[in-house]
Amino acid sequence: MKATLPELPYPYTALEPVIDARTVELHYSKHHQAYVDGYNAALDKLAAARASGDFSSVKHLKRELAFHGSGHALHSIYWRSMTPNPVPLADGRLKSAIEASFGNFETFEREFKTACTIVEASGWGILAVAPDGRLEIYTIEKHQDLVEIGFVPILACDVWEHSYYLSYQNRRADYVEWFFRMIDWTSVATSYEEVAA
Ligand code: MN
């Protein structure tokens with residue numbers, strides 16, 4: 001099945017001044033769209049390779065699927081991870097899981113911000129759910145490197161420069177700080193409930 005660009009849950013201007021409208025527009029309509037297109041193109045080429053029986057390109061195409069498919073999936077989570085009207089994480093299963101996994105919310109916050117800030121070159125900081133319901137933070141390089149199979153991301157902070165460079169230039173830590181204040185904890189808690197059912 002082909003990937004499609006999900007609807008942005010707010011207008012391009014909604015996250016200003018934390019993330020400027022031009023950045024959101026370019027990021028969503030150009031960058032995210034390119035991952036959707038790249039994924040679909042790789043799917044077509046894979047189908048053609050299978051139809052022809054020539055599997056010489058399969059290794060390359062699987063890399064393309066991993067890169068573009070993971071990029072598409074993480075961007076879809078990224079847009080849902082933020083809200084123009086953030087509220088603190090309410091008591092509930094997600095809060096309990098964060099406290100069980102990291103000790104307390106403050107420790108989680110520090111580790112998550114660190115994970116986002118220390119990514120080498122382009123990547124992500126994510127919060128993900130283990131098969132047993134435990135939570136883990138990952139520093140992802142590109143869209144797909146340094147993660148464990150079986151973990152499902154529920155919160156994602158994009159730290160590719162296209163996410164923040166127009167407003168923050170090289171000050172990634174400032175962008176991460178503001179991203180954290182804009183997290184849609186209601187949405188993240190709903191994702192946790194779905195994954196850790
Ligand atoms: Mn991005």
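Read the numbers this way: they start at 1 and go in the same order the structure lists the ligands and their atoms.
- The nearest pair of heavy atoms linking Ala121 to Arg172 is O-NH2, 2.7 Å.
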Solution key, residues 14-27 side-chain donor-acceptor pairs under 3.5 Å, sequence neighbours excluded:
| residue | atom | partner | partner atom | Å |
| --- | --- | --- | --- | --- |
| Glu16 | OE2 | Ala21 | N | 2.9 |
| Asp20 | OD1 | Thr23 | OG1 | 2.8 |
| Asp20 | OD1 | Ser167 | OG | 2.6 |
| Asp20 | OD2 | Arg22 | N | 3.3 |
| Asp20 | OD2 | Thr23 | N | 2.9 |
| Asp20 | OD2 | Thr23 | OG1 | 3.0 |
| His27 | NE2 | His75 | NE2 | 3.0 |
| His27 | NE2 | Asp158 | OD2 | 2.8 |
| His27 | NE2 | His162 | NE2 | 3.1 |

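- Around the Mn ion (ligand 1), the protein N, O or S atoms closer than 2.8 Å are His27 NE2, His75 NE2, Asp158 OD2, His162 NE2, listed by chain and residue number.
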Exercise. When you look at Tyr78 and Trp160, which way does the ring pair (Phe, Tyr, Trp, His ring centres under 6.0 Å) test go after all the steps?
Worked result: CA-CA 12 Å; Tyr78 175 68; Trp160 286 57; over 10 Å; no
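- Of all heavy-atom pairs between Ser52 and Ala49, the closest is OG-O, 3.0 Å.
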Give the table of side-chain donor-acceptor pairs shorter than 3.5 Å for residues 63-70, with sequence neighbours excluded, one pair per line with atom names and distance.
| residue | atom | partner | partner atom | Å |
| --- | --- | --- | --- | --- |
| Ser70 | OG | Ala66 | O | 2.6 |

Identify all side-chain donor-acceptor contacts of residues 34-43 below 3.5 Å with residues at least two apart in sequence or on another chain.
| residue | atom | partner | partner atom | Å |
| --- | --- | --- | --- | --- |
| Tyr35 | OH | His143 | NE2 | 3.1 |
| Asp37 | OD1 | Gln33 | NE2 | 2.9 |
| Asn40 | OD1 | Ala3 | N | 2.7 |
| Asn40 | ND2 | Ala3 | O | 3.0 |
| Asn40 | ND2 | Val36 | O | 3.3 |

